[in-house]
Amino acid sequence: MPHMAIEYSANLDAAVDMDGLCALVADTMLETGLFEIGAIRVRAFRAQSYAIADRLPQNGFIDMNLRIGKGRSAEEKKSAGEAIFAAVSERLAELFATPHFALSLEIREIDAELSWKKNAIHPRLRGK
């Protein structure tokens, strides 16, 4: 259950193709070999209201939160995080050329006893 939630400041609308960024993150997650295609979810949420650092209107952020199920080693989680962060950093290189952008990623493990799921996508994809 790798679910990536990307929150971003509204002032990035013109600078970042969020659909493309979501696709990049999903592809990178799949390329790690740690996640099953039917479980990957990536979505972006626009933050209309925000206050960043010294509150210059050019300041923008992207905060990525990846929730995953247990069962992967610390090395595997770190490797996946590094791959995702590197891919996104490369895609957003132009934003890093300014002194007004912040990017973050956090990986959290889900407590299986407190997580309920029902997925009709898995059987379809596993049947291939």
Side-chain angles (χ1 to χ4, degrees):
M1 180 184 157
H3 285 218
M4 175 71 81
I6 301 171
E7 182 181 1
Y8 67 96
S9 54
N11 64 343
L12 296 179
D13 282 341
V16 179
D17 169 12
M18 285 299 164
D19 289 336
L21 188 67
C22 287
L24 171 69
V25 170
D27 291 345
T28 305
M29 290 168 62
L30 190 58
E31 289 167 7
T32 68
L34 296 175
F35 309 112
E36 192 173 356
I37 191 169
I40 294 174
R41 310 281 185 278
V42 181
R43 53 217 180 246
F45 302 96
R46 181 178 191 264
Q48 179 60 41
S49 302
Y50 51 89
I52 304 169
D54 57 356
R55 298 192 181 136
L56 289 176
Q58 306 95 313
N59 292 346
F61 75 89
I62 292 179
D63 175 51
M64 300 181 291
N65 242 303
L66 178 58
R67 296 180 305 125
I68 63 173
K70 292 188 182 207
R72 292 163 190 90
S73 70
E75 295 80 21
E76 288 172 323
K77 290 181 281 192
K78 184 175 181 183
S79 176
E82 288 172 347
I84 294 164
F85 198 81
V88 172
S89 293
E90 183 178 330
R91 174 68 59 92
L92 303 175
E94 288 183 19
L95 292 175
F96 284 110
T98 75
H100 301 287
F101 180 65
L103 175 67
S104 59
L105 167 64
E106 181 179 0
I107 298 176
R108 300 182 203 177
E109 282 189 336
I110 299 164
D111 182 340
E113 291 184 26
L114 299 174
S115 179
W116 296 262
K117 296 174 237 16
K118 191 172 185 176
N119 185 335
I121 298 171
H122 276 310
R124 177 177 54 84
L125 292 175
R126 289 176 181 160
K128 285 187 171 181

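Starting from 1, each residue takes its place in the sequence as its number.
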Between N65 and R108, is a side chain to side chain contact (heavy atoms under 4.5 Å, CB included) present by the stated rule, with each step listed?
CA-CA 8 Å; N65 242 303; R108 300 182 203 177; 3.0 Å; yes
Working to the nearest 0.5 Å, report the span between CZ of F85 and CD1 of I107.
11.0 Å
Listed once per pair and sorted, the side chain to side chain donor-acceptor pair (under 3.5 Å) pairs that draw on residues 82-98, sequence neighbours left out
none
Side chain to side chain contact (heavy atoms under 4.5 Å, CB included) for L105 and M4? Distances and angles first, verdict last.
CA-CA 10 Å; L105 167 64; M4 175 71 81; 3.8 Å; yes
Step by step, would you call L92 with F101 a side chain to side chain contact (heavy atoms under 4.5 Å, CB included)?
CA-CA 10 Å; L92 303 175; F101 180 65; 3.7 Å; yes
Between N59 and Y50, does the side chain to side chain contact (heavy atoms under 4.5 Å, CB included) criterion hold? Intermediate values first, please.
CA-CA 10 Å; N59 292 346; Y50 51 89; over 6 Å; no
Could you pull out the closest heavy-atom pair between A15 and L95, with the gap in Å?
CB-CD2, 4.1 Å
Measure across R72 and E76 and return the closest heavy-atom pair with its distance rounded to 0.1 Å.
CA-OE1, 3.3 Å
Side chain to side chain contact (heavy atoms under 4.5 Å, CB included) against S115, all qualifying residues, sequence neighbours excluded:
M1, I110, K117
Find the distance between CG (N119) and CZ (R126) and round it off to the nearest 0.5 Å.
7.5 Å
With the side chain counted from C-beta on, respond yes when R43 and I6 share a heavy-atom pair under 4.5 Å apart, and no when they do not.
no
Could you tell me whether a side-chain N or O of R41 sits under 3.5 Å from a main-chain N or O of A39, the two making a donor and an acceptor?
yes
Are Y8 and L66 linked, directly or through other ILVMFWY residues, by side chains that come within less than 4.5 angstrom of each other?
yes
Sub-4.5 Å side-chain heavy-atom contact between L125 and E36
no
So do L12 and R46 actually touch side chain to side chain, heavy atoms under 4.5 Å?
no
Less than 3.5 Å apart, which donor and acceptor atoms pair up between the side chains of residues 18-33 and the rest of the protein, not counting sequence neighbours?
residue: T28; atom: OG1; partner: L24; partner atom: O; Å: 2.8
residue: T32; atom: OG1; partner: M29; partner atom: O; Å: 2.6
residue: T32; atom: OG1; partner: L34; partner atom: N; Å: 3.2

Distance, nearest 0.5 Å, that separates NE2 of H3 from CD1 of I68:
12.0 Å
